[in-house]
Structure formats: structure tokens, C-alpha cells
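What's counted below: heavy atoms across the whole structure, side chains too, no hydrogens, waters or symmetry copies. From a predicted model like this one, the values you see are computed outputs, not experimental measurements. Every chain is numbered from 1, with letters handed out A, B, ... down the list of sequences.
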Amino acid sequence: MKYSKYFIPTQRNSPQEALLNSHKLMLRAGLIHKVSSGLYGYLPYGLLALRNVEAIIRQQMNKAGAIETIMPLLVPAELLQRSGREKVFKRELFRFLDRNDAGLALSATNEETFTQLIEKQISSYKQLPVNLYQIATKFRDEIRPRYGVMRSKEFIMKDAYSFHVDAESLHETYMAMRQAYINIFTRLGLDFVHVAASSGAMGGQDSEEFIVKSPVGEETLVLCSACSYKANLEKAIQQISPPKATTSSLAKLEKVHTPHQDTISKVAAFLHSHSTRSIKTLVYEYEKTADSNVWLPLILILRGDFKLNETKLEALLASNIRLASPESLEAVFHCPKGYLSPINLEKPPRVIADISLKNLSQACAGANEKDYHFIGVDMQRDIALPLGDLFSFHDISLVQENAACSNCSEKLLQVKGIEVGHIFKLGKKYSRAFQLSVQNQQGKKITPTMGCYGIGVNRSLAAIIESNNDQHGIIFPPQIAPFKTALISIGTQPEILQQSSALYDRLGQENISCLWDDRLESPGVKFKDIDLIGIPLSLIISSRLLATQQCELKIRRTGERLTLPLNNISALLAKLHAMLS
RNA sequence: CGGAGUAUAGCGCAGUUGGUAGCGCGCUUGGUUUGGGACCAAGAGGUCACAGGUUCAAGCCCUGUUACUCCGACCA
């Protein structure tokens, strides 16, 4: 491709709106064009990079036995009603009516469409398992789009859906997809980890996230510094550190006056105690049954130095949760926040205690009276026993900073990352909703079980750029680079153009894609632009080099320059092939 | 949806006490250049986000609206 005939609108200044390096560079190097918040178009150069990412995904998916399809981007509301997800997605879905007032949504994910496909097309176990995928645009009315294409309203996802007669078959495909994902992200050149994750809006059981380590990521990973333990922060577990030793030994509860001490740290300081001997009380509400909109109060207690993990709690209850409204708080307690606890309540609601509180004694807790706290609290005696069936212990806390690994007791590290892939065992949630059934070998009808597997395609591209750049611009790994080489002609003399043209043609014959910078620009402009757009290798032709029948090869990543003879083109081409493979 | 900020040429920005719109880069034309964002000359380009108000006079002051960005909640 001749640069002069191509379209790469580069910019010298970073647009003020971009925060991330990848976002700035994608704009500056002319990969993307912002249409509006969360809406980006791909310009020719960016599209080539995107296509290369897609090709790697496609290759590995096909190799793992998945089969490509294309399904509509519009999803009839009827399908979402059948799965019950019309309500789950709430306002995240872009929805509208067609001319006959039939409800439609723009595809945010496609479980329903694929489940319906199987419902209509498959009736025998002989046709299973099947694993279908597509690479398609997804639409989500994000609460807050940000970071360019990292989180946008419209994005490209590879989504796959597999259908199976039993759990073993699902597991086999799940593991094949897991391996395919490892291959894909390795091939993309990303520094990633895969961790157990919570399944979010998709529903289901096992799931693993693929996360690229990056300080700008929105996900938090918990990794053990010694053993192989790793998990998403939302799912991570830790060894509970013992509470701070105490010398007091009250035999029973005692109410003490604690004027204006309405936070854990104030109370602990006031009582010369410690937050690890405090009981933190939070009041939430949870939905009685999914989407019933009937909310029940719920008291959560944690050790003073722990924080609630809402995701763990939601998974535990299998229900939506929200902070209690002032009215429902009033219905349970008759005192201000800061002095609450589940001790001696008249009509206690359900109480869930974090496992950090197990066996805690000599603790302090609110006395349910303004300016008073209890001391000498014993979890078992004062909370667990009196509450009986209303009470239970569960792990509902976030992993603390510097927490110890539950496997090996070594330090857990928290690392930021970008989620680029997610695989799930969905189970029968959708197949039941769609009353999917196939006949098994005995002629009995059974409900297939499902898996689904997603990759953020353009997010992966952004992650690649985020981790492959320097002060001069993008540094594309060869397998992603829109052009493997650039040919920079310096000078306008006929012999320079002639030599450049000959070399350009040879590269074409060798299938080494090349962007020939034939523009009438000064050398500086060409060097800067080629650096900015990140082409891995540059060949330079100038009168100075031609005088000795040589050209120069420059390596973008290292800045290294090699002078090579032009009279041995096959050696030159062999060298390029070697460096690009 | 809560909180914060921004809005002036394609991009980055300045604009004093309210007095008729500027800079750098980019763009166009002509010429000279060609190893790291060249030089000279001449140009083009603006509803100062939008609406209303105050004023003899508003980019600037006041009110409202919109868009964008950031933080939070949410989320493959």
C-alpha cells in the first residue's frame, strides 16, 4: 500500500479527552474515530489490526471445534421474555418497537438467539455436542462508557455457545475453550492470567475470566506471591488473621456510654480496643425471589477491619441486594447509624455474619441506642445462639490488602487487569427456559446443558496497544501489525523511487505486507509517523545508502538499525521473514 | 443516577478590568529543501457549545440547557 493513496489521519497532539495511552494512541495513530461518547468507528489502518486479532481468534476457535455463524443483531423482545432476562438487563439494553409495535432489542449478548436456534434445529443427542460462535457487534447502554474502546456502548465480541447432553460433555468443551483462549491470548502477545470469577448477569456455575495485567484495568486480581492461587477480587478468599490480643475478660455483655462515637475507628479508639475486636453492622435488603420486587431486610455483620463483598453476598443469596432505605432501617432499629447491632433486637431479621467473626469474643458492638455500645460481646453466646435459625456464617468479605493466602499463608497481591475473555458453564438456565429437549440414546427426552464463551475483540486490541507502546507511539507485535513492514523513501531522485518501487514489488511477491511511505514529506515527518503507527520493521532507502548499494532495516521495538546490501535481496527477504515469524 | 470539571479554527491552547478573535501545529498556493515533526512568502479557516438575560457594548457577568471527561454505584 502506498501511504500517499491510503488514509491514516495521524495527529501530533493527543486529544485532551483521552486518558489511557492506548486510547490516545489509537486516536493519534488514526486507528479509530470517535463519533460520540462510547461510539467509535474503525479507520482503515485500525480495521486491519482488528481483522488480524479476529483472524487469530477465528483460527483457534475453529481448531478447537467451534463453528462460525452470524446471527441477527436485533433480538425480538419475546426471546428475552422467555429467558427472563428482559428484566435482568433493565436499562442496559437498547430497545425499541418496530412498525408493528413488536419489541426489539439490540443484541447485548446472544444466549437466547442461539438457544432458540438449537430448539428449532436439533432434536437428537446425535447432533450434540455443538459449539457455535460469531464475531459480531454488541450493544450495551453502559452507565458510563469510558477509556475509548475499552468500555463502549457498541463493541465487538466473539461469543460462542455450546450445547451438550450431559455435564461431562460440557466440561470437555469448556476445557477445550479454556485451552483455545490460552492459545489465543498467548498468540496475541498478551500478559494474561485466567482466574475463577463470578458469573454476573449471565447466570450459571463455573466461570473463568481471562485478564490482561495492566495498571489501567478495571478488574482487580488477587494473586498469591508464593503459590499458584489466583482469583478475581470478587471471588477471592483469604486466611482470616487473628484479632488483636486483648487483656480484658468480661464474663458477660456490658453496655457502656460512648458519646458521639459513631464509627468503628472512633469506638475502637475510645474504648482502647481495636477494629479487629469490633463488630461492624450493615443493613441491606434482598429480593425475596428474583424480580419479585419484594424486599426483605437483612443484617450483615463483619469484623471491623473487613469490608463487605456485595458480589459474594449476591451469589450467596441468589438474589438482588441493595442498601436498606431509611424507612426499612427504621422498621428494624430505633436508633441512628453508628450504634447498630443484631444484639437484643425485638424482631430480628435474617442475619449473616462474615467468617471473620467466627469465635470472636471480647468484642464491641452497637447497643442499638444512641451513644451506647456493648463490650464483652461473644459471637456465639450473644449473637449466634439467640438468633438461632435466623443466623448463619458465610464468607461475605473482600480480601484485605496484605491478606494471607488461604492455601499457603504467604502474602496475597492485588493486581489490576483488563478483562478480555470470560468462559462460563451456563448449565440449564436457558435450555430450561426455552424448554429445549433432545432425545437421548434410550429415546427419553433430556434437557441439554450449555456453556458460553466470550472475548472482547476490540478490547483485546486496546489491551495489546496498552501493553505495547513507548514515547514514540504504538509498537505492534508482528502478528497484529496492519503492515509488517514500512518502506521509507528519503529523497525524490528518480533512482530512489525506482529502487523503492522495485523493493516494494519484491515484498509484495513475498507476501510481506508493506506500507510504502512515498509521500512528499520531510524525512522527520515520515520517521515520526511510522514510529507512531507502530509498524514492526522499516526499510529505508536514501541516496546516501544507494551510493553504496545498501538499505537500512530499522526495528521499531528496539530502535536498532542494520545496514544491509541491496544486491542480495533474497538474504534481505529471508531476514525479514525470520524477524516477523 | 450522585459528585467534580471542561466547552474559543482540524488538534493543542491563550484571551487582562466587559470595548469588534489570537498563538503553535495542521491545511491551501508558489518557491527552496529531504536522515528524525525543514525554510521563505502569500492565503483559507470562528454562530467563542446552545438558549435566554444584564449592558451603549458580552468569549468574559447572570440563569437555564446540552455535550464531553473524570470519580462513585453498575457491568462481558
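Taking atom C1' on both B:rG26 and B:rG43, the two are 15 Å apart, rounded to the nearest angstrom. B:rG59 and B:rA51 are spaced 13 Å apart, taking the P atom of each and rounding to whole Å. With both ends at atom P, the span from B:rU16 to B:rC75 equals 46 Å, rounded to whole Å. A distance of about 14 Å separates the P atoms of B:rA9 and B:rA21, rounded to the whole Å. Only the P atoms considered, B:rC25 is 11 Å distant from B:rA38, to the nearest whole Å. Separation of the P atoms belonging to B:rG24 and B:rC60 is 25 Å when rounded to the nearest angstrom. Nucleotides B:rC62 and B:rG19, compared at atom P, are 15 Å apart to the nearest Å. For the P atoms, the distance from B:rU17 to B:rU69 is 32 Å, rounded to whole Å.
For A:N13 and B:rG26, a side-chain-to-base donor-acceptor distance below 3.5 Å is absent, hydrogens and geometry of angles not being considered. Taking 3.5 Å as the limit, the base of B:rG72 and the side chain of A:R146 contain no donor-acceptor pair of atoms between them. A donor-acceptor contact under 3.5 Å is not formed by the side chain of A:K554 with the base of B:rG35. The base of B:rG37 has none of its N or O atoms less than 3.5 Å from a complementary donor or acceptor on the side chain of A:E521. A donor-acceptor contact under 3.5 angstrom links the side-chain atoms of A:S542 to the base of B:rG35.
One finds no side-chain N or O of A:K528 lying less than 4.0 angstrom from the OP1 or OP2 phosphate oxygen of B:rA38. The side chain of A:R12 places no N or O atom within less than 4.0 Å of a non-bridging phosphate oxygen (OP1 or OP2) of B:rG37. At the phosphate of B:rC71, OP1 or OP2 sits under 4.0 Å from a side-chain N or O atom of A:Y147. For A:S37, a side-chain nitrogen or oxygen approaches OP1 or OP2 of B:rU69 to under 4.0 Å. Residue A:S36 has a polar side-chain atom (N or O) positioned under 4.0 Å from OP1 or OP2 of B:rC68. Taking only side-chain nitrogens and oxygens, A:R459 never comes nearer than 4.0 Å to OP1 or OP2 of B:rA76. Using a 4.0 Å cut-off, some side-chain N or O of A:S522 falls inside it from OP1 or OP2 of B:rA38.
Along RNA chain B, the nucleotide closest to A:I156 and the one closest to A:R28 are compared, and the more 5′ of them pairs with A:R28.
Ranking B:rG37, B:rU34, B:rA76 by closeness to the A:I490 side chain, first place goes to B:rU34. With B:rC11, B:rU69, B:rC13 as the choices, the nucleotide that has an atom nearest any side-chain atom of A:Q16 turns out to be B:rC13. Picking from B:rC11, B:rC70, B:rU34 the nucleotide with the shortest atom distance to the side chain of A:R144 gives B:rC70.
The side-chain heavy atoms of A:I211 and A:V420, taken from C-beta on, include no pair separated by under 4.5 Å.
With 3.5 Å as the limit, one finds no donor-acceptor pair spanning the side chains of A:S152 and A:E154. Between the side chains of A:Y3 and A:E521, no donor N or O sits under 3.5 Å from an acceptor N or O.
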Strand RNA chain B as a dot-bracket string - pairs counted if Watson-Crick or G-U with both distances under 3.5 Å, | where the partner lies in another strand: (((((((..((((.....[..)))).((((((.....)))))).....(((((..]....))))))))))))....
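The separation between A:I540 atom CD1 and B:rU34 atom P is 18 Å, rounded to whole Å. Straight-line distance from the NZ atom of A:K153 to the C1' atom of B:rC68: 11 Å, rounded to whole Å. What separates NE2 of A:H472 from P of B:rG37 is a distance of 12 Å, to the nearest Å. Whole-Å rounding puts the A:R561 CZ to B:rG36 P distance at 9 Å. To the nearest angstrom, C1' of B:rU33 lies 13 Å from NZ of A:K526. In this structure, CZ of A:R519 is placed 17 Å from C1' of B:rU33, rounded to the nearest angstrom. With rounding to whole Å, A:K24 atom NZ is found 17 Å from B:rC11 atom P. The distance from atom CD1 of A:I143 to atom P of B:rC71 is 14 Å, rounded to the nearest whole Å.
Between A:R178 and A:E208, at least one side-chain N (NZ, or NE/NH1/NH2) sits under 4.0 Å from a carboxylate O, which counts as a salt bridge. Residues A:R85 and A:E111 are paired through a salt bridge, judged by an N-O separation under 4.0 Å between the basic side chain and the carboxylate. The residues A:E218 and A:R151 are annotated as salt-bridged, a charged nitrogen and a carboxylate oxygen being separated by less than 4.0 angstrom. A:K416 and A:E219 are not joined by a salt bridge, as no carboxylate oxygen comes within less than 4.0 angstrom of a charged side-chain nitrogen. A salt bridge links A:E552 with A:R561: at least one charged nitrogen is closer than 4.0 Å to a carboxylate oxygen. Remark: A:K280 does not engage A:D354 in a salt bridge, criterion side-chain N to carboxylate O under 4.0 Å.
Across all strands, A:I455 comes closer than 4.0 Å to no nucleic acid atom at all (heavy-atom distances). Across all strands shown, A:E310 has heavy atoms under 4.0 Å from sugar-phosphate atoms exclusively, and none from any base. Using a 4.0 Å heavy-atom distance criterion, A:D531 is classed as a base contact. Contact annotation for A:G456: base contact, defined as any heavy-atom pair under 4.0 Å involving a base atom.
Considering every non-hydrogen atom in both A:A77 and A:R95, the closest pair reads CB-NH2, 4.3 Å.
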